[in-house]
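Each remark here refers to the structure printed beneath this line.
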Amino acid sequence: MWFILPIIPAGVELRDDSKLTKDHLGKIPGKYTPELNQWGGFYGWQGYQAKQRDLERWQGWQTKCETGIAIGLRLGIFLACDIDCDDMALAAEIEIRVTALLGMPFAVRRRHDSARRVMFYVHKLNVTPITKSRIAFEILETGEKCIIEFLGYGQQVVIEGPNAKGDMHYWQNSVGLIEGLEEGKKLPLEIHDVDKMMRGLKDWIEVDDRLELIKAKLPIGGVSDAAVAVSDLMSPALRQGPRAARGRGARDRHQSPVARSL
């Protein structure tokens, strides 16, 4: 449960002091104020570790604000390849190419009546953190802009519940994070794996007559990798010492099945 976050629902009222806009709704973590029936941003969500009491409180928000609240997943240990493309055939082709270059995802999140999808992987522990890389391109025949993002430390994705347009998310082949996790742990990724995959996609786009590359931000080279402080306890590069190992048993009793399996 450490990685769970509440997502601001679409169509709700934002607090007067909030700097968010309507475009953020249904996409990013937030907090609900029942007394005002308003939502605001979730400061510090990038390092927040949800507890059982958080999940119970967030569940209560759905009744109080009378709307479905989507679930977000804070990334870092979990990694996600987000295929933002509305062309059904092309999105499926991208999924196949990512799988060929990176390996089989242990779960794929889809949403009804949409070609868009998110492929999930596991980050190898005690190695360089994986942050965010991005490729943008255009389908020449239609002018549609598509984006492929690989997301890790400092990012989050919506995994269940309604999206910004009200469509529901679901797990491809009915295999979600819990069901597929053991398979995912057999293929943990390092930053070089992701860099190879993104470069492979970039090379394909550049030679495909249907497509035109707009911009590519790759994990290694061209753009400096985001730094993670040595003192940051949420860094996946942090080694577990003897004291941490001794205390793990007590923590495990209060974790969700997903968190406990890692």
Side-chain angles (χ1 to χ4, degrees), residues 1-14 20-32 34 37-42 45 48 50 52 54-75 78-96 98-99 104-121 144-151 155-181 183-184 256-259:
M1 73 180 70
W2 284 4
F3 316 110
I4 297 300
L5 295 164
I7 300 298
I8 304 177
V12 299
E13 183 179 349
L14 292 169
L20 302 178
T21 68
K22 295 293 183 181
D23 292 337
H24 292 106
L25 303 186
K27 301 177 182 179
I28 68 171
K31 289 187 175 182
Y32 177 61
N37 193 28
Q38 295 176 334
W39 286 77
F42 193 137
W45 64 261
Y48 193 80
Q52 182 63 39
D54 291 315
L55 302 186
E56 293 171 355
R57 185 173 74 257
W58 298 341
Q59 178 66 30
W61 288 353
Q62 295 197 108
T63 301
K64 294 177 181 178
C65 69
E66 299 181 342
T67 187
I69 300 174
I71 298 172
L73 181 73
R74 178 168 57 81
L75 301 172
F78 290 108
L79 304 170
C81 182
D82 186 1
I83 301 173
D84 189 356
C85 176
D86 291 323
D87 184 297
M88 191 67 73
L90 185 57
E93 181 180 349
I94 295 170
E95 180 181 340
I96 292 171
V98 172
T99 300
M104 185 70 69
F106 74 88
V108 179
R109 192 226 71 198
R110 299 287 303 276
R111 72 187 194 211
H112 290 289
D113 300 321
S114 175
R116 302 184 184 195
R117 63 201 70 193
V118 179
M119 305 167 67
F120 287 90
Y121 294 89
E144 177 189 340
K145 303 297 191 299
C146 300
I147 296 172
I148 305 169
E149 290 185 319
F150 200 90
L151 307 173
Q155 309 295 319
Q156 61 85 29
V157 293
V158 179
I159 55 173
E160 293 186 359
N163 70 355
K165 297 182 179 179
D167 299 318
M168 296 299 291
H169 296 97
Y170 69 94
W171 296 105
Q172 188 164 281
N173 301 322
S174 299
V175 178
L177 298 182
I178 294 176
E179 295 85 357
L181 182 58
E183 285 300 313
S256 69
V258 174

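Residue numbers count from 1 along this sequence.
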(request) Start with the C-alpha distance between Ile4 and Trp58, add both sets of side-chain angles, then the distance that settles side-chain contact (heavy atoms from CB on, under 4.5 Å), and finish with yes or no. (result) CA-CA 10 Å; Ile4 297 300; Trp58 298 341; 4.2 Å; yes

To the nearest 0.5 Å, what is the distance between [atom1] ([X]) and [atom2] ([Y])?
X: Leu73; Y: Leu5; atom1: CG; atom2: CG; answer: 8.0 Å
X: Ile94; Y: Met119; atom1: CD1; atom2: CE; answer: 10.0 Å
X: Asp167; Y: Asp113; atom1: CG; atom2: CG; answer: 6.0 Å
X: Ile71; Y: Gln156; atom1: CD1; atom2: CD; answer: 12.5 Å
X: Ile83; Y: Arg110; atom1: CD1; atom2: CZ; answer: 9.0 Å
X: Arg109; Y: Tyr170; atom1: CZ; atom2: OH; answer: 10.0 Å

Below 4.5 Å, heavy atoms only, C-beta onward: do [X] and [Y] meet side chain to side chain?
X: Leu177; Y: Trp171; result: yes
X: Ile159; Y: Phe120; result: yes
X: Tyr48; Y: Asp54; result: yes
X: Leu25; Y: Leu14; result: yes
X: Glu95; Y: Cys81; result: no

For [X] and [Y], work out which heavy atoms get closest and say how close.
X: Ala91; Y: Ala115; result: CB-O, 3.5 Å
X: Lys27; Y: Ile7; result: N-CG2, 3.7 Å
X: Ala107; Y: Val175; result: CB-O, 3.6 Å
X: Thr99; Y: Pro105; result: OG1-CD, 3.7 Å
X: Gly161; Y: His169; result: O-ND1, 2.7 Å
X: Val108; Y: Arg117; result: CG1-CB, 4.1 Å

Which label fits [X] and [Y]: parallel for a plane angle under 30°, tilted from 30 to 60°, or perpendicular past 60°?
X: Phe106; Y: Phe78; result: tilted
X: Phe150; Y: Tyr121; result: tilted
X: Trp39; Y: Trp61; result: perpendicular

(message) Checking the side chain of Lys22 only, and the main-chain atoms of Glu13 only, is there a donor and an acceptor separated by less than 3.5 Å?
(response) no

